[in-house]
Amino acid sequence: MTDQPNQPRFLTLAQVAEELNVKQSLVQGLIRTGELRAFQVGGRGMWRIGRQDVEDYIDYAYQRTAERIAAGELTDDA
């Protein structure tokens, strides 16, 4: 995601799922476990996720993956 002025500050579950190329249910799971920060707004409790929170999650995922590779937990067949 780019830091352009015309980009919205907050994203919907669908937008985050599209950005990460995963299903919305996975994004909801990441929110439930606290791995991805989000908040609810409005009377219907619509979820919103900050662009920076998505970027932070991606950075954290890269870090965890590198640690697992270094520990020998991941191989090329994984």
Side-chain angles (χ1 to χ4, degrees):
M1 286 188 264
T2 59
D3 248 353
Q4 298 176 5
N6 60 349
Q7 295 292 322
R9 180 176 176 188
F10 299 105
L11 303 169
T12 64
L13 289 173
Q15 291 169 318
V16 173
E18 182 178 334
E19 186 69 31
L20 297 176
N21 197 28
V22 298
K23 293 185 179 189
Q24 285 188 44
S25 58
L26 178 60
V27 175
Q28 290 170 316
L30 293 171
I31 292 168
R32 266 194 307 280
T33 62
E35 292 182 70
L36 179 61
R37 284 178 17 130
F39 63 95
Q40 289 183 294
V41 295
R44 293 174 166 176
M46 303 295 291
W47 285 103
R48 293 295 180 263
I49 302 102
R51 285 192 160 279
Q52 187 59 52
D53 292 317
V54 175
E55 291 299 328
D56 291 345
Y57 170 76
I58 292 169
D59 289 342
Y60 177 65
Y62 274 127
Q63 179 184 353
R64 279 189 323 193
T65 301
E67 289 169 359
R68 290 182 66 199
I69 290 170
E73 295 175 15
L74 295 178
T75 62
D76 289 338
D77 338 343

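Here the structure is a predicted model, which means the values were calculated and not measured.
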Exercise for the section: Only pairs at least two apart or in different chains count here, so list each ring pair (Phe, Tyr, Trp, His ring centres under 6.0 Å) that has a residue in residues 50-74. Expected result: none

Handout entry: Polar side-chain atom of Arg51 near backbone of Pro8 as donor-acceptor pair, under 3.5 Å
Key = yes

Handout entry: Nearest atoms (heavy-atom pairs only) where Ile31 meets Ala38
Key = CD1-CB, 3.7 Å

Practice task
Please examine the side chains of Val16 and Leu30, heavy atoms only from C-beta on, and report whether any two atoms are closer than 4.5 Å.
Solution key: no

Exercise for the section: Check side chain to side chain donor-acceptor pair (under 3.5 Å) between Thr12 and all other residues, then give those that pass, not counting sequence neighbours. Expected result: Gln15

Problem - Pair listing, salt bridge (charged side-chain N to carboxylate O under 4.0 Å, His left out) test, anchored in residues 20-45, at least two apart - result: Glu35-Arg64, Arg37-Asp53

Handout entry: Co-membership, hydrophobic cluster, residues Leu26 and Leu20, 4.5 Å side-chain
Key = yes

Exercise for the section: Look up atom CD1 in Ile58 and atom CD in Glu19, then write down how far apart they are to the nearest 0.5 Å. Expected result: 6.5 Å

Completion exercise
Taken in chain and number order and not counting sequence neighbours, the residues that satisfy ring-ring contact (aromatic ring centres under 6.0 Å, His included) with Phe39 are Phe10

Fill in the blank from the handout: By side chain to side chain contact (heavy atoms under 4.5 Å, CB included), Glu67 pairs with (sequence neighbours left out) Gln63

Handout entry: Residues that Gln40 engages under side chain to side chain donor-acceptor pair (under 3.5 Å), provided they are two or more places apart
Key = none

